[in-house]
Amino acid sequence: MACSSPLSSTIRFRTPPIPFSNPKFSPKPKRKTPTAFALPPPSSAVDGTTLAVIGGSSVVALAAAALSLADPEMRRRSQAEEVGGGDKEVVREYFNSTGFQRWKKIYGETDDVNRVQRDIRIGHAKTVENAILMLTDEGPLEGVSVCDAGCGTGCLAIPLAKQGAVVTATDISAAMVAEAEKQAREELLTGNDELTPAPVMPKFEVKDLESLAGKFDTVVCLDVLIHYPQSKADGMIAHLASLADNRLILSFAPKTLYYDLLKRVGELFPGPSKATRAYLHAEADVERALRKVGWKIRKRGLITTQFYFSRLIEAVPA
């Protein structure tokens, strides 16, 4: 899911956007030892009351000792049974109910968020900002067709429409789509006159990724692959690439030994906010899936805050 729009047509952040590297030379960022762990926004919906506070030096020992005391997979199966299906049904149900309320608040501009939620908001906004920089690096977006796959409440779709892009915005959650359309009307269709005509409204649709069809200049899918295990993510990456003529922009929670251990420890603290499965993806696996369908990574970057981390890539036909 993407987010409600903390961005305006002019994007400002206290910290500058991350630099994007040439695929042939991508120096590793300095590793920070977080005091707590959370996945990117559409993940297991971590909030401040359920975070595991972990010292970097004790992660491995704590993980080894604690993993034997809990069965997160059993909890996941129970969640799926409650809504009568698998991952997709769990995600749809969650983001149409309690998850919608939680993430609408995090993605929005309200002050009614705790420190962790505010940090995740900032991290996801940085991902959106850098995706927009990728989209505009070759010129204006006027008339460019863009599919925002997993639009959430509109934080990417609305700024793109303001820049003249022809946007199709989709999400598995009807509640998210309704909120995105509401915010788009408020931001795009008010305060305009004959001298400043309103931007073209995005076309909003309730669809999962598998149901997407059509052709677009660019397809963007931010923080959605976290709901797909790698076996299914390969097919989804291929499907999204088939919809794009020129560019595919993806963000995902990177799978490294360090992040994977933190994720596993975090799963030992079940609660009402841990409502969906969260899958990490190795960048090498994503790159392999792209190569398999004739695409290559042109730009890449890593966005991190204290409680948020996401790998952002731009792929083009090889």
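Computation of the quantities below employed the complete heavy-atom set of this structure, encompassing side-chain atoms and omitting hydrogens, waters and symmetry-equivalent molecules.
- Taken to the nearest 0.5 Å, the CD1 atom of I313 stands 13.5 Å off from the NZ atom of K296.
- Of the possible donor and acceptor atoms, one in the side chain of H281 sits under 3.5 Å from a partner among the backbone N and O of L225.
- The closest donor-acceptor contact from the side chain of K207 to the backbone of A169 lies at 3.5 Å or more, if one exists at all.
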- For the pair E210 and H239, evaluate side chain to side chain donor-acceptor pair (under 3.5 Å) and give the outcome as yes or no after the intermediate values. CA-CA 8 Å; E210 292 87 343; H239 176 56; over 6 Å; no
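- Using a 4.5 Å heavy-atom cutoff, the side chains of W103 and Y94 are in contact.
- Heavy-atom minimum distance, A149 versus L209: CB-CD2, 3.7 Å.
- Heavy atoms of other residues, nucleotides or ligands lying less than 6.0 angstrom from NZ of K292 number 12 at most.
- Put simply, the side chain of T153 reaches to within 4.5 Å of the side chain of F100, judged on heavy atoms.
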- Test log, rule side chain to side chain donor-acceptor pair (under 3.5 Å), inputs N96 and S173: CA-CA 6 Å; N96 274 323; S173 165; 3.0 Å; yes
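- Taking every heavy atom of both residues into account, L189 and P199 meet most closely at CD2-O, 4.4 Å.
- Proximity of a side-chain donor or acceptor of R121 to a complementary backbone N or O of I106 within less than 3.5 Å is detected.
- When hydrophobic clusters are built by joining Ile, Leu, Val, Met, Phe, Trp and Tyr residues whose side-chain heavy atoms come closer than 4.5 Å, directly or via intermediates, V113 is not grouped with Y107.
- The side chain to side chain contact (heavy atoms under 4.5 Å, CB included) with P202 is formed by just one residue from the set T170, T168, L188, V166; it is L188.
- Cluster annotation: V200 and V220 are assigned to distinct hydrophobic clusters (Ile/Leu/Val/Met/Phe/Trp/Tyr, side-chain heavy-atom contacts under 4.5 Å, transitive).
- Side-chain atoms of R247 never come within 3.5 Å of backbone atoms of D217 as a donor-acceptor pair (strictly under, hydrogens ignored).
- The hydrophobic clustering, which links ILVMFWY residues whose side-chain heavy atoms are closer than 4.5 Å, places L243 and W295 together.
- Here the closest non-hydrogen pair linking Y308 and D119 is N-OD2, 4.0 Å.
- What you find for D148 and C151 is that their closest heavy atoms are OD2-CB, 3.4 Å.
- Taking both residues in full, the closest heavy atoms of V286 and Q230 are given as N-NE2, 4.5 Å, listed atom of the first, atom of the second, then distance.
- In this structure, the side chain of Q117 engages the main chain of N114 through a donor-acceptor pair within 3.5 Å.
- With rounding to the nearest 0.5 Å, the separation of CD1 in I249 from CE in M134 is 6.0 Å.
- At a threshold of 4.5 Å between non-hydrogen side-chain atoms, the residues V144 and N246 do not count as touching.
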- D208/K88 under salt bridge (Lys or Arg N to Asp or Glu O under 4.0 Å): CA gap, chis, key distance, verdict: CA-CA 8 Å; D208 56 35; K88 185 188 297 185; 3.1 Å; yes
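- By the neighbour-count criterion of 12 heavy atoms within 6.0 Å, atom NZ of K105 is densely surrounded, having more than that number from other residues, nucleotides or ligands.
- Under a hydrophobic clustering in which Ile, Leu, Val, Met, Phe, Trp and Tyr are joined whenever their side-chain heavy atoms come within less than 4.5 Å, directly or via other members, I297 and V316 fall into different clusters.
- Under a hydrophobic-cluster definition in which Ile, Leu, Val, Met, Phe, Trp and Tyr are linked whenever side-chain heavy atoms come within less than 4.5 Å, directly or via other members, I158 and M201 are assigned to the same cluster.
- Residue L141 comes nearest to L135 through the heavy atom pair CD2-O, 3.3 Å, listed as atom of the first residue, atom of the second, then distance.
- When each of E179, R185, E186 is paired with Q183, the side chain to side chain donor-acceptor pair (under 3.5 Å) condition holds for E179 and for no other.
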